[in-house]
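Before any comments, here is the structure.
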Amino acid sequence: MRDTLSSTISSVTDLLLKRQAAPDVLTEQTGAAFAPVSPVEIEARAVSKTFGATPIFSDVSFRLARGEATALVGANGTGKSTLLRCLMGLIPTSTGSVHLLGQQTDEATGRQMRNMRAQVGLVSQKHNLVPRLSVLSNVLHGLLGKHPGIRHWSHSLAPQSSRETAIQALERVGLADFAHRRADRLSGGQSQRVAIARAIVGAPKILFADEPCASLDPSAGEDVMELFFRLVRDENVTVVFTSHNIEHALKYGDRVLGLAQGRIQLDATAASLSSADLRGLYD
Amino acid sequence: MTDNASPWNERARFELARFERPSAISFLGYALGLVVIFWCLAGVGFSVEKVASAPPRFADFAARAFPPNLDPQVLSRLGWKMVETLQIAFAGAVIGVILSVPVALLAAKGLIAGPWVNQIVRTGLSFIRAVPDIAWALVFVVAVGLGPFAGMLAIVIDTIGFCGRFFADDMEATDKGPAESLTATGARKLDVVACATIPGSLPAFISTSLFALEKAVRSSTILGLVGAGGIGIELKVGFDLFDYPTAMTVILMIAVVVIGIELVSGWARTKIIGEQR
């Protein structure tokens with residue numbers, strides 16, 4: 001298995017060496033076809049993270065282009081979720097830098113950071129809805145980055161235009177009829193679909209998804225992934241998602257980044273990989 | 001059969017687990033604890049003779065206090081004083097709970113204020129709690145004069161000390177997931193707190209507020225002892241004038257009201273918080 005991984009890594013390295021990328025644009029092989037030149041939307045430069053004396057990962061570098069769906073895979077404890085949080089600027093990197101939508105996150109002011117995040121959505125493993133509030137209020141909260149203030153705290157106070165936007169987002173995930181139901185009265189799959197509606201309601205340029213179907217049964221998980229990627233493909237949204245599901249990584253990702261032993265050990269187009277290649281990361 | 005497997009050893013294994021020899025430091029700790037307890041008993045003048053002689057005196061008091069004074073005029077006067085007591089408690093507790101929310105936001109770590117502000121506000125809340133409610137009532141009697149308004153202010157301050165601390169603890173302990181999801185979409189700290197942290201802490205807030213109300217009702221019944229309004233003044237006058245039947249009526253009224261409030265509060269807590277899955 002180690003041999004398979006090594007050969008994959010060397011072939012990927014060759015592939016990367018052959019890539020001719022300009023500083024701010026990438027020419028990507030997405031699936032079978034070459035995508036047009038796309039601006040870089042997320043860039044990690046030699047990023048390392050330690051918690052106390054415990055290193056999580058080090059020297060992580062990559063550039064993700066607009067519209068690209070990237071699967072971040074790796075065994076438990078390799079730091080996938082931590083890397084995702086570093087990319088969003090939710091936790092600081094120990095060394096190195098992250099550039100999100102052309103702005104270096106650790107140099108951004110609070111206002112710049114909020115403006116940057118207003119173009120970002122997050123779907124977590126646990127849907128993270130506020131249980132006692134209505135589904136509609138939860139979705140409206142996804143607009144707080146663009147419309148801060150009390151009018152978007154609750155569906156009762158929200159302007160009509162925002163309510164309509166939120167209802168449209170719920171329609172896209174098939175839950176418009178549940179708008180006034182309390183969030184804690186939903187099933188796991190429904191809750192995750194509401195979380196997706198909250199993430200897409202602000203028409204983000206980038207979506208991060210941290211194991212979006214890990215808490216769901218296989219059928220509901222498949223439905224959520226199908227829905228999620230159908231919605232984001234329509235809008236040319238850049239997606240970074242973590243997953244333990246190798247089939248999901250290959251099916252929904254254009255590109256796969258593999259974390260192992262605290263480093264990026266795999267960086268390749270999903271089309272060039274097989275399930276066996278990814279299983280090597282879990283040995 | 002080896003020694004280790006003998007029935008005696010099997011029994012001894014369980015016996016040893018039951019009794020553990022204390023370490024020297026633990027032994028010293030226990031001994032010191034006993035010394036402190038005896039020192040305290042000596043300090044309060046603990047006397048077995050006094051304890052033994054108390055029942056006849058108590059029986060004498062009971063004989064003079066019973067039956068309680070059920071004169072309609074007295075009951076009417078005490079009833080209105082009890083209404084005033086509840087007004088002090090409700091108004092003080094509601095205002096205190098409302099004011100506790102912004103105070104708790106400043107006291108809770110990692111929400112809207114930095115660690116220095118958190119520490120200063122928490123120290124302030126500790127000071128408020130360290131001063132007993134009756135002492136706050138004395139302060140407000142001096143500040144605003146005799147009467148129920150001073151009592152209400154004392155309850156407000158006492159409630160802020162209690163709820164401010166527990167609201168802050170509740171918000172620190174609430175699930176961070178929803179807050180992180182909103183932060184990731186560019187929401188401001190205040191929006192995150194209003195939309196994720198406070199709604200997430202609401203069941204705990206309700207429970208704490210109901211405890212604060214019970215506490216306020218209990219406190220308000222004695223604030224009258226220092227002239228801060230309520231039924232406490234009737235208790236003091238009853239004992240001062242050796243009018244034990246009236247004093248007994250006051251004691252029974254306080255007991256009924258306090259137990260009633262506790263029952264209603266317990267029912268409301270189950271009803272409101274029990275709705276959350």
Side-chain angles (χ1 to χ4, degrees), chain A residues 81 84-85 87-91 100 110-134 137-138 140-154 157 182-186 194-195 198-202 204 206-210, chain B residues 97-98 101-102 104-106 108-118 167 170-210 268-277:
Chain A
S81 300
L84 220 56
R85 276 157 182 74
L87 295 179
M88 286 184 275
L90 291 173
I91 53 172
L100 197 65
R111 183 185 291 271
Q112 286 170 330
M113 200 68 213
R114 285 197 299 275
N115 290 339
M116 214 187 306
R117 286 178 181 153
Q119 302 173 71
V120 169
L122 169 67
V123 179
S124 304
Q125 176 180 342
K126 220 183 90 193
H127 48 76
N128 284 342
L129 301 179
V130 183
R132 299 179 74 85
L133 299 185
S134 71
S137 291
N138 270 286
L140 277 164
H141 291 167
L143 292 170
L144 281 168
K146 288 181 175 157
H147 304 288
I150 194 169
R151 294 211 67 189
H152 286 79
W153 287 2
S154 159
L157 307 170
R182 265 173 61 148
D184 55 1
R185 300 280 188 261
L186 301 176
V194 174
R198 181 178 60 185
I200 63 170
V201 71
I206 302 174
L207 269 173
F208 292 98
D210 189 8
Chain B
V97 164
I98 291 168
V101 176
L105 287 174
L106 295 173
K109 294 185 188 79
L111 290 187
I112 59 171
W116 278 100
V117 175
N118 300 153
F167 284 2
D170 293 336
M171 286 191 283
E172 284 176 9
T174 198
D175 180 14
K176 300 285 187 293
E180 186 184 63
S181 290
L182 297 192
T183 305
T185 55
R188 297 177 310 180
K189 280 183 180 177
L190 188 62
D191 292 326
V192 172
V193 167
C195 296
T197 311
I198 290 180
S201 310
L202 214 53
F205 278 14
I206 291 167
S207 181
T208 304
S209 302
L210 289 169
R269 190 176 291 113
T270 311
K271 193 78 182 165
I272 297 167
I273 300 171
E275 283 178 3
Q276 198 189 29
R277 286 193 304 184

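Numbered from 1 within each chain, the chains take letters A, B, ... in sequence-line order.
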Shortest non-hydrogen pair, B/Pro178 vs A/Leu129, comes out as CG-O, 3.7 Å
How many angstroms lie between atom OG1 of B/Thr185 and atom CZ of A/Arg114, to the nearest 0.5 angstrom?
12.0 Å
How far does CE of A/Met88 sit from CD of B/Glu180, to the nearest 0.5 angstrom?
6.0 Å
Is chain B contacted by the side chain of A/Arg111, its backbone, both, or neither, given a heavy-atom distance below 4.5 Å?
neither
Could you check whether any side-chain heavy atom of A/Arg117 comes within less than 4.5 Å of a side-chain heavy atom of B/Thr183, counting everything from C-beta outward?
yes
Rounded to the nearest 0.5 Å, what's the gap from CZ on A/Arg132 to CD1 on B/Ile198? Could you check?
13.5 Å
Please classify the contact of A/Leu90 with chain B as side chain, backbone, both or neither, using a heavy-atom distance under 4.5 Å.
side chain
When B/Ala187, B/Ala184, B/Gly177 are compared by non-hydrogen pairs under 4.5 Å with chain A, the top option
B/Ala184
More than 12 heavy atoms of other groups within 6.0 Å of B/Lys189 NZ
no
Please identify which of these residues, B/Asp191, B/Leu182, B/Val192, meets the side chain to side chain contact (heavy atoms under 4.5 Å, CB included) condition with A/His141.
B/Leu182
B/Cys195, B/Ala194, B/Ala196, B/Ser181: which one forms the most heavy-atom pairs within less than 4.5 Å of chain A?
B/Cys195
